[in-house]
Amino acid sequence: MSFGTPGAFGGGGGFGQPAQSPPGAFGAPSPTQPTQVPNPNNDFQVANPPNDGISSLSWSPVANFLVATAWDGDVYCYEVGNNGQAVPKASQKHQGPVLCSDWSHDGSAVFSGGCDNKAQKWDLATNTPTQVAQHDAPIKELCWIKEVNLLATGSWDKTLRYWDTRQPTPALQVQLPERCYALSCSHPLLVVGTAERHIQVYDLNNPNQPFKQLQSPLKYQTRTVAAFPDKSGYLVGSIEGRVAVQHVEDAQQSKNFTFKCHREQSDIYAVNDIKFHPTHGTFVTAGADGVFNFWDKDSKQRLKQMAKCNSTIPCGAFNRDGSIYAYAVSYDWSKGGQDPMAQSGQNNIFLHAVQESEVKPRPAAVRGRR
Amino acid sequence: MGRKKRRAELPWCFYCDREFDDEKILQQHQRAKHFKCTHDRCNKRLMTAPGMAIHMLTVHKIKVEKVPNAIEGRDNPEWLIEGMNGIPEGFDFENNRALVDPKAENVVVTGKRPNLGEHAPPGAIGGWGAPPAVGMGMRPMMRPPGAMGMPGMPPPGFPPPMMPPPPYGMMPGMPGMMPPPGMMPGSMPGMMPPPGVAPAPQPQPVAPRPEQAPITETVMVWDDESESIEEKRASLSKYSGVEGRAAADGEGETKDPSAEGEEDGGDAR
């Protein structure tokens, strides 16, 4: 691994490590204590981050453009260069906290939704926002489904709605058993996690009826879901530092399992976000403990645990080729408003140059490694 | 007690009393649970507890006092145990005490548990320091899927693959249960009951168990099942009053990105 110097990395979507990067993962003693190092993993820091809690991050599917949404209603778009520097390009505003974002498949527009009960489409070429969806309560999740050219929005009004973006009324509305907390789509599989631990699995070939309805395999509130890229199942993350690996087909139920993560001694933190790597099929979890971990579900291994950040990690996202993992270090409110983290008001976005070793699946057995 | 009721002679883990279908899986388990370097970034899996102790001492300068995740009294890192081999002869499974000095040449390759109370040489000293209460007697309770996490767990990681379910019905007595007060590990040798009488006929210390409840020590940082973090946050006056918020924002917070953004928007594709 060479050390990054600005501009030295042409080609590919990725970039090198920041110059002060530690030479190896295992040698150096890790800062596990609650040290107040703002950037313990020596990742690239995005300049001009949002001014309030960061609620979502999403990458353009065609270029290294990163969108961040924030609780103060802002939607920012950054361009990330090969040297790891992010340049703010544009921003938009909602009339309330923004909770979710996604890109259109051609990278021409950004969708965002939030507490103003609306979703808007931000056409980047003209820099104009248009309202494309309306709910009766805040929109917690949204997702652009390119295969059907529809925007799916999940809301606390207990509905899931599909929008054609040119019509003021939804193309389809589906009732959910509870408030939508999490949504993930890997066409034709769409998974919704709601309050009261309901999981709704949809086959988008027949989106009217849930393909499956079940209670979360986890005992506590669902926080995030992530559909497998191969569509055979999904991950569920809960507030109780635990992730379930679930398969859709009954024949594969025996392969289901759960594992614990994002815990520190007696404290159990929420799993805030799970994202699959776009090519390797491994995934990353980000937690309210300020840690993000890379995992391989097939070999049941943790590939890498990163050093603890000085605040929670509410969200993260891989860029299109998986060479960059962007993550927000920003208070997620999991300890309420009295916590020092709430007062500090630090909201940062870091760009982690993903190493092959962190995301490449590993063979299951680790025998003979002495 | 549970010990005796064990039917088949399945391989079992000396450190935590779990049974396994075959010895290979047992060894995998031991490497993952008991012989894994506890340094958080290392996680190297060694073959034996002394091997782990040496590794951690030489590489990380950490002195291993106890085998991780082991039942109290069975956590001596000096014992060279691999799978079913090397279990100290005459180990008192009832009270988790070695009945003879583990350093003496008594380490016998054995897969059998000695009959309890068989031999209890005088001067036997059990326990190596008192490990924290967590981890004690907790193995049986860890299984329900989705249960609260326990302290004393290994660093987060997947469970070793292919483990058979633990023998629920076989652990009624909770391995690692508190022995009677007089036999507390680490208590003075003089207080030991006379040899021979030692362990078996004292099944009463069940009473004090509920008090230990170390489970409550874990704290879920967010435990409100009725509402998500975002719902709670969105209900704050700061965010719920759209009017007030917009006004506050209008008060001259000019943000660089937005300032630049308006003109450059066209490039951002």
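What you see is a predicted model, and the numbers here were worked out from it, not measured in a lab. So you know, we letter chains A, B, ... as the sequences are listed, proteins then strands, and number each from 1.
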* Can a salt bridge be assigned to the pair A:Arg223 and B:Asp224 using a cut-off of 4.0 Å between side-chain N and carboxylate O? -> no
* Of the backbone (N, CA, C, O) and the side chain (C-beta and beyond), which part of B:Gln27 lies under 4.5 Å from a heavy atom of chain A, both, or neither? -> neither
* Asked: Does atom CD of A:Gln338 have more than 12 heavy-atom neighbours, drawn from other residues, nucleotides or ligands, at distances under 6.0 Å?
  -> no
* To do: Report the C-alpha distance between A:Arg302 and B:Asn43 in whole Å, list the side-chain angles of each, state the deciding distance to 0.1 Å, and finish with yes or no for side chain to side chain contact (heavy atoms under 4.5 Å, CB included).
  => CA-CA 10 Å; A:Arg302 184 176 66 204; B:Asn43 289 328; 3.0 Å; yes
* Would you call B:Tyr239 and A:Asp52 a side-chain contact if the rule is heavy atoms closer than 4.5 Å? -> yes
* Asked: Considering all heavy atoms of both residues, which atom of B:Val221 and which atom of A:Lys335 are nearest to each other, and what is their separation?
  -> CG1-CG, 3.4 Å
* Asked: Once you round to the nearest 0.5 Å, how far does OG1 of B:Thr218 lie from CG of A:Asp267?
  -> 9.0 Å
* Asked: Are any side-chain N or O atoms of A:Gln221 and backbone N or O atoms of B:Glu227, one a donor and one an acceptor, separated by less than 3.5 Å?
  -> yes
* Quick one: do A:Tyr181 and B:Glu231 satisfy side chain to side chain contact (heavy atoms under 4.5 Å, CB included)? Show the steps, please. => CA-CA 10 Å; A:Tyr181 281 173; B:Glu231 285 171 292; 2.2 Å; yes
* **Residue part contacting chain B, namely of A:Trp333, when any heavy atom lies under 4.5 Å** => both
* Heavy atoms only: give me the nearest B:Ser228-A:Trp156 pair and the separation to one decimal. => OG-CZ2, 4.1 Å
* Salt bridge B:Lys238-A:Asp72, side-chain N to carboxylate O under 4.0 Å -> no
* A:Gln215: side-chain hydrogen bond (donor to acceptor under 3.5 Å, both in side chains) partners, not counting sequence neighbours -> A:Arg197, A:His198
* Can a salt bridge be assigned to the pair B:Glu230 and A:Arg179 using a cut-off of 4.0 Å between side-chain N and carboxylate O? -> no
* To do: Look up atom CE in B:Met220 and atom OG in A:Ser266, then write down how far apart they are to the nearest 0.5 Å.
  => 13.0 Å
* Asked: Nearest heavy-atom pair of A:Glu196 and B:Glu225: which atoms, and what distance?
  -> OE2-O, 4.5 Å
